[in-house]
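Reminder, nothing fancy here: chain letters follow the sequence lines and each chain counts from 1.
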Number of protein chains: 2
Amino acid sequence: MTRVLVVDDDPRLQRTLTIALRAHGNEVVTAADGRTAVQSVLEDAPDVVILDLGLPDLDGTEVLRRIRAASVVPVIVLSARHESDDKIEALDLGADDYVTKPFGVEELLARVRAAVRRGGDLGRHLGPVVTDHFVLDFAERRATVEGEDVRLTPTEWRVLEALCREPGHLVQQQDLLRAVWGPSYGRESNYLRVYANQLRRKLEPDPANPRHLVTEPGLGYRFNP
Amino acid sequence: MTRVLVVDDDPRLQRTLTIALRAHGNEVVTAADGRTAVQSVLEDAPDVVILDLGLPDLDGTEVLRRIRAASVVPVIVLSARHESDDKIEALDLGADDYVTKPFGVEELLARVRAAVRRGGDLGRHLGPVVTDHFVLDFAERRATVEGEDVRLTPTEWRVLEALCREPGHLVQQQDLLRAVWGPSYGRESNYLRVYANQLRRKLEPDPANPRHLVTEPGLGYRFNP
DNA sequence: CGGGCCCGTCAAGAACGCGTCAAGAGCCAT
DNA sequence: ATGGCTCTTGACGCGTTCTTGACGGGCCCG
C-alpha cells in the first residue's frame, strides 16, 4: 500500500485529496504546515509527498529544502501560480513533479502513481552494509567502526548512501552531487572532496590510503565493501 | 521521431527552422526566452536543443548552464558573433556544437542529425572488451591485464573508447583526435603518438610489437580484439 | 646511397584535480 | 542571547596528468 503525505493548509482541498487517494487504495497522512510536514516525512516515511507551496509557517521552497535534507522521497509540488520561475526553482530544489492549480484529481492520481514508480527504490532503505572494519546501518542511522559507535552528519549519511547503493561500482561526481544536493548541483565543487575526506577520517582504518572509499580521478568515487 | 527544441527570440527565424525541421520528419517545440527553454527541456525532454545566444531574459551562457544542470541533452548553439571566445565558452559549458549566423538550413539539419546520433551512442556505454591478454570495462573504468588491475588516465580511456567503438576497423587520425580532444583538433599533433605509446605500454604483452593497438601508417589506428 | 616522411620515445613545464585546512554562516537547542 | 554543530566556501600544496618540443629510427622513393 502506498503511503501519501498530503501537505496543505486548506482543509477543503486536504479532504478532497484524502478521500480521492484513499478511494484508490492509498494510505494518507496529512500536515497543514511546513514543520509538521518535515516531521512527518521523518516519522511516517511516506512513499510520496504532495506539497502545496504557500504554507503559513515557512516559504514553500524552504519546506522543500528541508524535506530534501531529510529524505529522497518523491515530492509533487502544487502551486496556484503560473510563474515558470517557481517551477524551475522547485524542480531545482529537488521536486519530482509540478502541478498547477486548478488541476483534475485524476491527473494528480496519475502523477502520484508515476512518482511512486520512479522513486520506488530510492525511497527503500538500504540494508546494513558490513565491511571488515565498519558497519553501516542506514535504517537506524548507526555507524560502528571497530565496535565503536561513530557519529555521522546527515549529509555524510546521504553521501554514503548514494555510494553504497552501488557497492563496488563507480559513482560519477555528477550523479553523486545530484543524489545528495539536488538536480541543480551538476557542476564540480568542493562538496565531494570535503565529504569524502570527512568520511574517510571517520571510517577508514588509514584515511591517507583509503581502501573502501576510493577516488576515481576525474570521474567520481567508488565504495568497496 | 526526433524531438527538437528551438530556442530563439526572433519569430521569423523560429518559423523558418520549425518548417525546415518538420519537413525533415522532426517534431518541434519552441521557446522564445531562457526560462521557458529550461522549462521545456524539463517537460518536453527534447532529443536535441538548438539554442540562440542573446535571448531577452538571460545571458546565453546562463541558459546553457541551466540546461546542463537539468539534462545532458545535446545542445547546438547559434550565435551572430564571430568571437571565438564565445565559442570556446559555450563549448566549455557543454554545448555540443556551434553554428555562426548566417548559416544554411541544410548545414543546421546536418548538425542536428549528427548531434542526435552522437547523443544516442555516446551516451550508451560500451560493453566490456575482452582479449586474450586484457579486459576493459568502460562503464566501471576498470582495466585488467593478466588479472592485475591497471590504472588508465581519463584521456587514455577516451582514446581507447574511441578505438573500441569500431573494433577491428581503422579509425582515422582526424576522427580519433576529434573524438577525444574535441571538434577543433583536426590537425595532426603528437597526441596520438604519445597516447598510443602509453596505452601499449600498459596493455600490450610486447609493447614494441603491438598486437591489439595497431598503427596504420599515414591513416590512423586500429584496435584488434 | 641519400633524403624525406612518419612514427615511437623521452623529458620537462604547465595545468589540473584532489586532499586538506580553516573561517564564516546558518540552524538548533539550551 | 549563547554555544555547539553542520554546512558552505575559499585558499593552498601536492601529486598526477596533459601538453609540447626535440630527437632517433625505420621505411619508401628517387
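- For the pair A:Asn209 CG and C:dT20 P, the computed distance is 10 Å after rounding to whole Å.
- Per the geometry, CZ belonging to B:Arg193 stands 11 Å off C1' belonging to C:dC5, to the nearest Å.
- Closest contact between the side chain of A:Tyr195 and the listed nucleotides D:dA11, D:dT20, D:dC7 involves D:dC7.
- Note: CG (A:Leu219) to P (D:dT17) measures 12 Å, nearest angstrom.
- Residues A:Trp181 and A:Tyr195 bring their aromatic ring centres within 6.0 Å.
- When the P atom of D:dC27 is taken as reference, atom CD of B:Glu216 falls 15 Å away, rounded to whole Å.
- Distances shorter than 4.0 Å separate none of the side-chain N or O atoms of B:Thr215 from OP1 or OP2 on C:dC6.
- Counting any heavy atom pair closer than 4.0 Å across all strands shown, A:Arg201 reaches sugar-phosphate atoms only and no base atom.
- In the set D:dC7, C:dC10, C:dT20, the nucleotide with an atom closest to the side chain of A:Thr153 is D:dC7.
- Look at CG on B:Asn197: it is 16 Å from P on D:dG25, rounded to the nearest Å.
- For the pair A:Arg151 CZ and D:dT6 C1', the computed distance is 11 Å after rounding to whole Å.
- Between the CG atom of A:Leu213 and the P atom of C:dC18 there is a distance of 13 Å, given to the nearest Å.
- The residue from A:Leu170, A:Thr131, A:Val171 that alone fulfils the side chain to side chain contact (heavy atoms under 4.5 Å, CB included) condition with A:Phe223 is A:Thr131.
- Considering only side-chain N and O atoms, A:Tyr191 lies under 4.0 angstrom from the phosphate OP1 or OP2 of D:dT9.
- Distance B:Gln172 CD to C:dC6 C1': 16 Å, rounded to the nearest Å.
- Residue B:Arg200 forms a side chain to side chain contact (heavy atoms under 4.5 Å, CB included) with just one option from B:Asp206, B:Val214, B:Thr215, and that option is B:Thr215.
- For A:Asn190 and D:dT9, the shortest distance from a side-chain N or O to OP1 or OP2 is not below 4.0 Å.
- Salt bridge B:Arg222/B:Glu166: absent, no basic N to carboxylate O contact under 4.0 Å.
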